Amino acid sequence: MAALASADIVVIGAGIVGALVARRLAQQGASVLILEAGPRLDRGRIVAAFRHSPFKGNWMAPYPPSPWAPHPIYVPRDNGYLKQAGPYPYPAEYIRAVGGTTWHWAAQAWRLVPNDMRIKSLYGVGVDWPLSYEELDPWYQEAEEILGVAGADNTGSPRQKPFPMKPVAEPWAMHRVRERLAGVYPVVANTVARNSRGYDGRPACVGNNSCQPICPINAQYLGINAVEAAEAAGAKVIPNAVVYRIEHDVQGRIAAVHYYAPDKSEHRVTGKTFILAANGIESPKLLLLSASSKYPNGLANRSGAVGRHLMDHPSTSLTFYADEEIWLGRGPQSPSSINTLRDGAFRSQHAPYRLDFTNISQVLNVTNDLIKEGVYGAAFAKQLRWRAARQINVKNVLEVLPNPDNRITLSSEKDAMGIPKPEAHYAIDAYTRRGAEVSKADFARIAELMGGTGLRYSAEGSFANNQHITGTLSMGNDPATSVVDAFGRSHDHENLFVCGTGVMPTAATMNSTLTAVALALRTAEHILPAKQAVVANAAGDREAGLA
Amino acid sequence: MNAPLRYLVLLGLLVAVLAQAADNPDATLLRRGQYLATASDCVACHTSPGGKPYAGGLSIATPVGNIVSTNITPSKTAGIGHYTEAQFSDALRHGIRADGKHLYPAMPYTAYAQLTDADVQAMYAYFMHDVAPVDTAPAPTRLAFPFNVRLLMASWNWLFLDDQPFKPDPGKSAEWNRGAFLVRGPAHCSTCHTPRNLLMAEQSSRELAGGAVGTWFAPNITSDATSGIGNWGTQQLVDYLKSGHASGKGQAAGPMAEAVDNSLRHLTDADLQAIAAYLKTVPPRHDPADTRAVDRWGGPSAEPDVARTALPGDADTMSGAQVYDAYCASCHQARGEGSFDGGLPPLFHNTATGRTHTDNLVMVILDGIRWHTDDSGVHMPGFAHELSDRQIATLGNWLLQHYGNPAATVSVKQVRTLRTGGAAPHLVLLARLAMAAIVLLLIFAATWLMRRRKRHAAKTF
Amino acid sequence: MAIQEARTETALDDPADPSRRRLLAGLLTAYTASLIPWALAQPAPQADRGAFAALSAILVGRPSLDAAQATRTYDALVTDDAHFPTDVQALLTLINQRHIDPLQLQATLDSEHSPLASLPRRIMSAWVLGVVGSSEGARCVAYESALNAVIVADVLKPPTYAYGSYGSWTAKPV
């Protein structure tokens, strides 16, 4: 075994959540080590890799998996890393690299609404969270100030203090959608971790329209910014460190973690407190892998809930041509939504949803359509322009209820390092399907208001995955049914905490990252309370040379 | 109330009102003082990064060592709160502190000498009444011998300082005179843009022909059509001063971006027009190396896409086209043509790539362009963190070949030197050598004299 | 869903370069000549490349095709499939003989189970998407100069390229 490393706090996973927890703890004076399975990446190379890719619609193309830390790839073919046990596929995409999956997100940074956290009491479905929105509110605020969230106040989630930034300038296309839907559907600006002005040494958006897969200019907050902030605060990152086992002592306290370097040499890292932040699939995988004679079902798993209650935000959508030229593709990718269908008494009957308008350029989609349809000759250019100018897509973002049969387990197949691959068992139930059915009426109405023709609904029974991996490490007050408590501490191991979207016990309808970050900051405070008020230390980061 | 009492009360009120007026200078005077302070850009040097305005503490690297700016808030303990107006004027226009010591011309009193008495009165009122006092003193300036001898500045001033306030030229228009006053006085353009002699004084015969500012150089802004701004229209000059860029010309970066951000963009349009009008009359100085106007080089790239092959593992072996594609093209576009609205400028017909002197090109790639006083912040990111010296040299040469002056070059050594703060200043070394030489000479002379006396004494015995 | 459009006027209205016409005369009949806008950038040096240029022009329907891009695209397609030049000649001949309308071409080839059925899509994909090959063999030969970007270049920049200074996208596209 190679040389020991040790720190007060050992964080597994250098994504946005792991890095922000590390930053906060390092700022409080703790020594912090972050172990990341994947490599460091370079933004310029990612941009070039996207432009080189023959599959421009595949946002994972610029992020090839490392042989020692594979992540799921589906184009041009499934690399077979995330096994699918069915009955319904769960084709999650995530990035195992320093900075994590938020290298390629659309930066939607939403809060929940208070009722999202009490759907059992209110609507008789799902579970209640072990904390209230009011308790999470100040952490949402801190998260928004660190990330630099731009938002408008009319989006449905209550708040005590203003957003750090005004909403991002509205693209013409969304302006027209908002005007034409006015009085029937209020279209609001998305709250996003995207700069509407210079913020924290990063520039304002200049409309590269490639938020996914990469913001070329760092106008949107990425996990890599969190990592740099953590390092500036004193945390150390070890990349290419594939943790394969969490080691406990006879009392059940976590003593160390073991990782492989790419050459398969083994390394052991000790610490006082351990934070697992490797995403909602890799974290449960690691806990299950760490089974021992004392914990035959894996660590932190006396409840049997590790890996269970797998959720996401499935989507169905409608594509159509508006009756005017609006030209999607000018400005950022995800500017606007309809938020008024997220909550209500109907939640006892069917899933709520958000309606999301895309501003992704339609040129690629239209080109593929035209080639497929065999449109050649002078008509090609004419049709490309006509369609690209008018094509709109609206999708729903549906809630999925926690179901213990939807779960991540260990596959019998192993990856190149000899580590069992994760396996997804997943189904979309009637509650969600009823929500999708109801939303069709909204799709149709929206198309009508936009003078829509050429309506194309997504295939019946087919749902797109949105990479919001939730539920697999659910928090709760009852150790018999949950993995961690309201502060993310494992019920079974006093010095093991879990952070990430996986701890969310219900999914609601909003992109999960901001909630995960807010919960993680609350966890960090719980581990090591701040001596004075620690708010997003933007000035501190600037002085530390990040600006 | 009886009549005498009423009279006394009214008198009392009158006195009170007058006293108030004396204590509170009128708003017009304060506004004028603030405007002049903005035009003079006092805040740029007298504020440290993240510090309170005018509280000093900025360490300015000069060829004679680091000079730390002072606190000029009206703090009585740490600032200039105890200065009379006469002392304020002496510091501002003659480079003499209240305690009688001389200031170094890092404080451009040589330019501020042009300010009139009325200007000084307004600025004094502004600094005493409208600036928040800050009671923390910055670190004092400590220079190496002999430059710590401030008295030497007296001789320097005697040689080089023209300490007369601005006198309008009756043969020129009011606009020209206003421009001349602003350029020579508060805006102190020549402090950066005029070359200096060995003793660091401006060479007035080469007004605005270009000068060094740390690792940047302030280019030739005389009326020469090739090397200067002679082929700029007045509106383009005004645009540049107001927004930091002019289409088809260039962008303000480094210290000039700071000057635009803090000072120039706050001037009135009339004042900017006046500055432009004056600049167009500054005698042209042509650099023979410039065979074409510095903003007329290059054109959109005629080449097809960079070959879509994988990047090499060793970043230092990336070609210029590859570096450009990965790091620059996202804003400046695949053919260097810039964004639709020109806000992200083209790289051809751009002084950034058209000059034979390429330090500024390297510096803007390293540092980017950043504004502090408005919402936009980062106008261009810096790439010091992402790109190695070799990558920047490769990129620089590629840009010059494709979009700029192909005779200009960038070397790896140049990038390395600029990245680490510039070439070591010679002045301190020269001064020490000169002193060592003088001391040696004195020792030699003394020794020779003593020997002569001994021989003479020996002879007399 | 294809929008039915009347065929636009051909480029016979444009002045034709006699040298180009002579070069390609051997490859074309009056019919295919009527489909090709004549402003090809440069005459192709070889019959194979000439046939490719002609077929590309028919399929893509653009008034001019950049010669350097045509060379790169052709080379990539040949590398991907050694039969490519033969197939191109065959398809051009077929179009000539039967006067097939470009909009009907794919349906015709499909319904006849022609061995050339995949060819138009491969050529289109190379020009308008900048992609040659498929699945693991796919590679990108052009992005910014792929024709789908060029066709909308007055309104949009291709993704990853900035539209303009902050807020410039709020205005109505001209």
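For the numbers below, each heavy atom of this structure counts, side chains included, while hydrogens, waters and symmetry mates do not. Every chain is numbered from 1, with letters handed out A, B, ... down the list of sequences. Keep in mind it's a predicted model, so treat the numbers as computed, not measured.
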> Under a 4.5 Å heavy-atom cut-off, does chain C meet the side chain of Arg77(A), its backbone, both or neither?
Replying inline: side chain

>> Please classify the contact of Val60(C) with chain A as side chain, backbone, both or neither, using a heavy-atom distance under 4.5 Å.
In response: backbone

> So which heavy atom on Ala169(A) is nearest to which on Gly167(C), and how close?
Replying inline: CB-CA, 3.8 Å

> Honestly, is Arg121(C) close enough over Tyr376(A), meaning NZ or CZ under 6.0 Å from the six-membered ring centre and within 45° of the axis?
Replying inline: no

> Given a strict heavy-atom distance threshold of 4.5 Å, which part of Lys56(A) is in contact with chain C: side chain, backbone, both, or neither?
Replying inline: side chain

> Under a 4.5 Å heavy-atom cut-off, does chain C meet the side chain of Pro216(A), its backbone, both or neither?
Replying inline: side chain

>> Please classify the contact between Leu328(A) and chain C as side chain, backbone, both or neither, with a heavy-atom cut-off of under 4.5 Å.
In response: backbone

>> Between Thr367(A) and chain C, with a heavy-atom cut-off of 4.5 Å, which part of the residue counts as in contact: side chain, backbone, both or neither?
In response: side chain

>> Under 4.5 Å from any heavy atom of chain C, what part of Val75(A) do you find: side chain, backbone, both or neither?
In response: neither

>> Less than 4.5 Å to any heavy atom of chain A: does that hold for the side chain of Lys172(C), its backbone, both, or neither?
In response: both

> So what's closer than 4.5 Å to chain C heavy atoms on Asn368(A): side chain, backbone, both or neither?
Replying inline: side chain

> Under a 4.5 Å heavy-atom cut-off, does chain A meet the side chain of Ser135(C), its backbone, both or neither?
Replying inline: both

> Between Asp110(C), Leu105(C), Val131(C), Ile151(C), which shows the greatest number of heavy-atom pairs under 4.5 Å with chain A?
Replying inline: Ile151(C)

>> Is Ser168(C) close to chain A through its backbone or its side chain, or both, or neither, when contacts mean heavy atoms under 4.5 Å?
In response: backbone

>> At a 4.5 Å cut-off on heavy atoms, which part of His175(A) comes close to chain C: side chain, backbone, both, or neither?
In response: neither

> Within the distance-only criterion (no hydrogens, no angle test), does the side chain of Arg330(A) pair as donor or acceptor with the backbone N or O of Ala171(C) below 3.5 angstrom?
Replying inline: yes

